[in-house]
Student: 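Below: one structure in structure tokens.
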Amino acid sequence: MRDFPPIVTAWTPDAPKGPKSPGSSAVPDTRSPGRYLWWLIRQQGDLMVAGCLCSLLWLLPTTLTPWVFGKAIDEGIVAGDPSRTLLWCLVLLLVTLVGASSGVFYHTVVVRSWLVASYGQTRLVTHKAVRLGHVLPRRAPTGEVLSVSGSDGEQFGHFVEIVSRLVGNVIAYLVVAAIVLQISVPLGLVVLLVAPLLVVVSMVLLRPLSAAQTRERTRDSELTSMATDIVAGLRILRGIGGERIFGDNYARQSQHVRRAGVQAGGWSAFVEAIGVLLSGLFVVALMVLGVQEVRAGRLQIGELVTFLGYALFLVQPIRVVFEAAQQITRSFVSARKTIGVLGTPDPWPDRPARTPQELRRLPAGELVDEASGLRVRPGILTMVVSALPDESAALADRLGRYLPAVDSLGGEDDEDLSGRAARRRSKTRAAARAELAKRDSARAEGRWGVTLHGVDLSDLLLEQTRALVLVSDTGAHVFAGTLQQALDPHRRLRREQAEAALHAAAAQDVYDILPGGWQGILDERGRGLSGGQRQRLILARALAADPPVLILVEPTSAVDAHTEARIAARLPQHRRGQTTVVMTTSPLLLHHADEVAFLDEGQIVATGTHDQLVATHDDYRATVLRGAHEEPAEHGLPLDHAPRTTPVRATQEVNR
């Protein structure tokens, strides 16, 4: 039996579909919702077989008890034969013991299967996010990814549970049908024909149920995305008084979710009520026919008792079928969303890996961006100044081999769409996602236009690029955990190195305020820290990684002038002899740069020292002096430096 939790690793789009050899991971089949659910079942085939078998054995008492009672009455009580009565009583005891013991095993197997499916979904999404990094939120909103990882995983757990229970009940139903056919052909035909007819009738109700559940699921993911954005920007919202506006928007969206949930719940209750009604009518019809057969002398008393028992028993399989139909419908909705996330292709092509000797030579060469004309000499501190933060951010993305942040897929908005309109919107969105994936692949597979020591970044494996070039910007996150984990997530540093990074980033006060020092606990997103402390901790983390090429985007935008002066003085010493590029307009930092490049309309129009450019370039002087009059606050980020990157991108920055 498969142990829990199963090992799930990242995969590539061109890997073969379906299960691999035992012990290896399998590639999720994302060609359609049905194929994904079938892949999910195949992934835990041993558990599914065990679950179906235990489910059948668990139903054994209720399946055979009416027949055993009938035999005991006809062959023992009516015939006056105590030995036959005792025999059938022993058979009934054996059947009961088997059913009771198998119920314990069934519960164990079902819980294990549920956990494997639920947490396996979370692991798949996590590995996909790590694999794609900043590409994933370009294809799906953050709330959608979180919903697929969480609530959809629970739906798949319920799915594998109901499938095993459905198989057991269907087999039990067929056994009962065979028994009643043997006793009475007309009544047996009623059992065989009426129950499937009830299932077919219920299928008609599943389409509006599916539409209502899809609408609820979509709006719920939108609400999650909105909540994530509000929490991420709460500090800025408080600064500009926008809490009420965004709070009202969230309240309105939550009402949309509530109405969609009520509508979906209404349809679910209606389908359930229809199932109970039809099951009751079926029991009544079966009872009437059975009584008529007794009156006609074609049934014995014991056989009538058998039919009475089966009339009540057959309510359970029919209701399980209705329940399974609803859960499978919900699972198809979840699978449709899941394949939108897990089916996102990786745009980065596999290149021949560079040897360690070749990689060691690269940082000793010049870093060149052909689009802007930026040339960064190796081993020096270069700073880039731009009047438009988006231009310098786009340059940092190119230097770090990131796809353009502005080209992404927005959230879904199907406010009051249903039926054909909702399906058309879904197809339109799928087409937009495919078009974006095509553009990303074309951009990633072609020549990148940024060279390091004459080697284009596209000629390197993505992992090699991430090992050579680290980009840290204002969107980087602080995750919950100890200070040591936040500064050194891979546990590679000695204490002296960690202290040196904190000193260079002027972040010693973060260590001082945490009870426990290095083992002091940080809240998620560093909520217990001020904006400046959080930014300095992020800078310390980037410096502690000690990459050959470090790209810093506005590393001091949220700190006061005195702290910024300390960082400006310490940064060159800490990065001495290594290539460092800083995107900034701060004169305090620019005074310490070995070389400054001025970026205007996407092009480097002037280079030199800070003093030279102030003296000779009017646009540069205007940009820098304007920045000098805007002293950032220690406790909040200015609007111009609001976080750009997503949690997935920030996660990737930590792991680079």
Side-chain angles (χ1 to χ4, degrees), residues 366-400 404-406 449-451 469 471-474 535 539 542 549-576 578-633 637-642 644:
E366 194 175 44
L367 178 66
V368 179
D369 176 53
E370 298 174 359
S372 65
L374 175 67
R375 307 182 75 88
V376 180
R377 288 179 292 157
I380 71 169
L381 177 59
T382 301
M383 298 194 184
V384 178
V385 175
S386 174
L388 299 177
D390 285 345
E391 287 188 355
S392 57
L395 174 58
D397 283 340
R398 289 200 302 274
L399 295 178
V406 296
V450 176
T451 60
V469 182
V471 179
S472 179
D473 61 17
T474 56
Q535 188 176 50
L539 174 59
V549 179
L550 176 61
I551 315 294
L552 299 174
V553 181
E554 300 291 352
T556 59
S557 60
V559 302
D560 59 66
H562 299 291
T563 305
E564 186 176 28
R566 291 198 298 270
I567 295 173
R570 297 169 182 175
L571 181 61
Q573 180 64 31
H574 188 85
R575 290 289 298 174
R576 185 177 300 278
Q578 294 177 295
T579 303
T580 306
V581 182
V582 182
M583 311 293 175
T584 184
T585 57
S586 168
L588 292 173
L589 288 174
L590 293 168
H591 275 297
H592 294 269
D594 296 322
E595 185 172 81
V596 178
F598 183 52
L599 184 68
D600 186 23
E601 295 184 356
Q603 296 292 319
I604 299 298
V605 296
T607 58
T609 66
H610 171 65
D611 293 336
Q612 289 172 344
L613 292 179
V614 167
T616 61
H617 204 287
D618 293 338
D619 291 341
Y620 176 84
R621 183 169 56 252
T623 300
V624 172
L625 292 179
R626 183 191 65 181
H629 292 302
E630 297 175 359
E631 183 176 304
L637 291 173
L639 291 180
D640 287 344
H641 302 292
R644 282 190 313 106

Student: Which heavy atom of Ser386 sits nearest a heavy atom of Glu391, and at what distance?
Tutor: OG-OE1, 3.3 Å

Student: Once side-chain contact (heavy atoms from CB on, under 4.5 Å) is applied, do any residues pair with Thr451, and if so which ones, sequence neighbours excluded?
Tutor: Val368, Glu370, Arg447, Asp456

Student: Sequence neighbours excluded, which residues qualify as side-chain hydrogen bond (donor to acceptor under 3.5 Å, both in side chains) partners of Thr580?
Tutor: Arg575

Student: Look up atom OG in Ser472 and atom CD in Gln535, then write down how far apart they are to the nearest 0.5 Å.
Tutor: 8.5 Å

Student: Test of understanding: with side-chain contact (heavy atoms from CB on, under 4.5 Å), list the residues that count as partners of Ala371, not counting sequence neighbours.
Tutor: Asp369, Arg398

Student: Can you find a pair of side-chain heavy atoms, one from Leu399 and one from Val376, that are under 4.5 Å apart?
Tutor: no

Student: Evaluate side-chain contact (heavy atoms from CB on, under 4.5 Å) for Leu590 paired with Val614, printing each intermediate quantity in order.
Tutor: CA-CA 11 Å; Leu590 293 168; Val614 167; over 6 Å; no

Student: Sequence neighbours left out, what passes side-chain contact (heavy atoms from CB on, under 4.5 Å) with Ala593? Give chain and number order.
Tutor: Met383, Val596

Student: Give a yes or no answer on whether the side chain of Thr556 reaches the backbone of Val559 with a donor-acceptor pair at less than 3.5 Å.
Tutor: no

Student: From Leu589 CG over to Ile567 CD1, what is the distance, rounded to the nearest 0.5 angstrom?
Tutor: 7.5 Å

Student: Going by side-chain contact (heavy atoms from CB on, under 4.5 Å), name the residues that satisfy it together with Arg377, two or more places apart in sequence or in a different chain.
Tutor: Glu366, Ile380, Glu595

Student: What pair of heavy atoms forms the shortest contact from Val605 to His617, and how long is it?
Tutor: CG2-NE2, 4.0 Å

Student: Measure across Gly400 and Val471 and return the closest heavy-atom pair with its distance rounded to 0.1 Å.
Tutor: CA-CG2, 3.6 Å

Student: For the atom pair CG (Leu367) and OG1 (Thr382), what is the distance rounded to the nearest 0.5 Å?
Tutor: 9.0 Å

Student: Where do Ala565 and Leu588 come nearest, in terms of heavy atoms and distance?
Tutor: N-CD1, 4.1 Å

Student: Show every salt bridge (Lys or Arg N to Asp or Glu O under 4.0 Å) that has at least one partner inside residues 599-614, sequence neighbours left out.
Tutor: none

Student: What is the distance from atom CG of Asp390 to atom CG of Leu395, rounded to the nearest 0.5 Å?
Tutor: 12.5 Å

Student: Assess whether atom CZ of Arg375 is packed by more than 12 heavy atoms of other residues, nucleotides or ligands within 6.0 Å.
Tutor: no

Student: Please name the pair of heavy atoms, one in Gly379 and one in Thr579, separated by the smallest distance, quoted to 0.1 Å.
Tutor: N-OG1, 3.0 Å

Student: Rounded to the nearest 0.5 Å, what separation is found between the CD1 atom of Ile604 and the CZ atom of Phe598?
Tutor: 9.5 Å

Student: Looking only at heavy atoms, which two atoms of Leu599 and Ser372 are closest? And how far apart?
Tutor: CD1-CB, 4.1 Å

Student: Pairing donors with acceptors under 3.5 angstrom, does anything connect the side chains of Gln573 and Arg576?
Tutor: yes

Student: By side-chain hydrogen bond (donor to acceptor under 3.5 Å, both in side chains), which residues pair with His610, not counting sequence neighbours?
Tutor: Tyr620

Student: Is a donor on one side and an acceptor on the other found under 3.5 Å between the side chain of Thr585 and the backbone of Val624?
Tutor: no

